[in-house]
There are 2 protein chains.
Amino acid sequence: MSPASTPKTDRSTEIASALRDAIVTGRLLVGDRLPSEAELAEQYGVSRPTVREALKRLAAQSLIRTQRGATGGAFVNHLSYEAAHGQQITTSTLLLSMNAIAFETACEARFAMERACAPLACARREAQHLTTMRDEIARQSDAALSDEDFCASDVAFHRALVDAAQNPVLSYQLAGAVEAMQPLMNMITFTARDRARIVALHGAVAEALEAQDARACEAGLTALERYTIDLAAAVMARRAAKATARPAT
Amino acid sequence: MSPASTPKTDRSTEIASALRDAIVTGRLLVGDRLPSEAELAEQYGVSRPTVREALKRLAAQSLIRTQRGATGGAFVNHLSYEAAHGQQITTSTLLLSMNAIAFETACEARFAMERACAPLACARREAQHLTTMRDEIARQSDAALSDEDFCASDVAFHRALVDAAQNPVLSYQLAGAVEAMQPLMNMITFTARDRARIVALHGAVAEALEAQDARACEAGLTALERYTIDLAAAVMARRAAKATARPAT
DNA sequence: GGCTGTTTAATTGTCAGACAATTGGCTGTC
DNA sequence: GACAGCCAATTGTCTGACAATTAAACAGCC
């Protein structure tokens, strides 16, 4: 049953799955060295290029890293938050752009998750988080700041809020969502945004966090969400009007 | 500057990055066919195996799919939620197991995100969601249900709750977190859990959802979180006691 | 003996050419 | 016009080879 049960998968996929399984189930531990390509080839009864394709698949998921030289080979990676982040952001970005997700839907999800951090962040925030948030607010108040830098500062502000919850799992999930949405948000609200308004809303959130008032913090985030969605709606309406007035370009 | 600026990356990584960039930035659209391997090889000045390794990397991220035959080739994938899901679960699972995340931390994150869905779920839940939840509660009340099936039903229950929020982005994020945590939860609470207690808590959550009472729904989830964490702590304490009584096994 | 420079072996990275397998399209026949 | 068989394009795989890299083993010198 086993040889004929996989009629459509290629060997490199099979081998990649087998190795991935060995890693996920703990048969291969972090730092372990996989057999050399030649050994794997012999073991699975395939040629080296086929094994290499399988290894590249795993490398693409940051499950292994390879090293040349005498003591080289493929090693099981310690999957860091950073590496996982990068992938999640790429995936989320594509997911948003390819599935015609309404801005409103993405925005709603993002702020819902951020509000989930609020109670924890209020309970555990430390001086450094408050400092970061205040610093970013100060940067955002600078009229000379470029649009790109304003956006980056915006991300940093929200990141500090999430980090204040001091839960790495939550930070991982949230940062992925926030950063994946950033290009989308920029595209829509880049030119139209009222910086003073945003700075005021950020200030309210920061104050609530300092006062450890979770309810106020959530309310501040909700206000920010509403403003963002309203702004997006206005921008879209304006674009639609323009498109009607001047159909083709 | 360009040829010498990448001293340590191999060609297949470079090519994979270039193609990934083309997809992410929209230069290659969903359904587009990439050049054939031979054409890509010529284009980048490398051999076919090298190109193939690059393509396998992209395939591992579900960015492309390949097809044999006359009209075959590599095509830009439509990144579905399902495909993204699978990857996220694999990544999250490894992240939890490799980073020594405390059960409490993971649990806290999971329920915080789930509570974030509560207001939306209460506002938008439909008959089908309530039906699913009630059905799963009924299954969970069956004493003959195996532990595995009980766990699966537990996941289905929470999944229905999240889906009731009717926000695909939220569902995507949450389902990943919930399913990634499941093995961890099973390992800890498998034998010790008091099914009647869990069923009662699930019932409270379902009732709150039906009544569209977001506050009560969040409270129910918080109670479930507390119970889960207490249970885990008890299990860990018992294991520690056993280990002390009988140090080596 | 201890340090230094060189060799060496193991391993990955890459190449070239070839053949098998698959699949859609084309052509010829009835 | 319908159908069968051939054909060409493309991916999947193999073989064998060489280049690049790295650490360890080794030889030589002080």
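First the proteins, then the strands, lettered A, B, ... as listed; each starts at 1.
Atom CD of A/Q67 and atom C1' of D/dA20 are 14 Å apart (whole Å). Atom CD in B/E37 sits roughly 15 Å away from atom P in D/dC14 (whole-Å rounding). Nucleotide D/dG12 holds its P atom 14 Å from the CD1 atom of A/I15, rounded to whole Å. Atom P of nucleotide C/dT23 and atom CZ of B/R68 are separated by 7 Å, given to the nearest angstrom.
Inspection of the A/Q166 and A/R125 side chains reveals no N or O donor paired with an N or O acceptor under 3.5 Å. For the residue pair B/D163 / B/S171, a side-chain donor-acceptor distance below 3.5 Å is found, with atom types taken as modelled. Remark: the B/T132 side chain and the B/D135 side chain contain no N/O donor-acceptor pair separated by less than 3.5 Å.
Between A/M113 and B/L170, some side-chain heavy-atom pair lies under the 4.5 Å cut-off.
Within a heavy-atom distance below 4.0 Å of DNA chain C, the residues of residues 39-63 of chain A found are A/R48, A/R52, A/K56.
Listed nucleotides: D/dA9, C/dT22, D/dT10. Nearest to the side chain of B/A70: D/dA9.
Pairs of residues two or more places apart, or lying in two chains, that qualify as side chain to side chain donor-acceptor pair (under 3.5 Å) and include a residue from residues 63-73 of chain A are A/R65-A/N77.
Checking the phosphate oxygens (OP1, OP2) of D/dG12, no side-chain nitrogen or oxygen of A/S12 falls inside 4.0 Å.
Residues forming a salt bridge (Lys or Arg N to Asp or Glu O under 4.0 Å) with A/R139 (at least two apart in sequence, or on another chain): A/E136.
At the heavy-atom level, A/R65 lies nowhere under 4.0 Å from the strands shown.
Take the nearest nucleotide of DNA chain D for A/G69 and for A/R11: the residue whose nucleotide is more 5' is A/R11.
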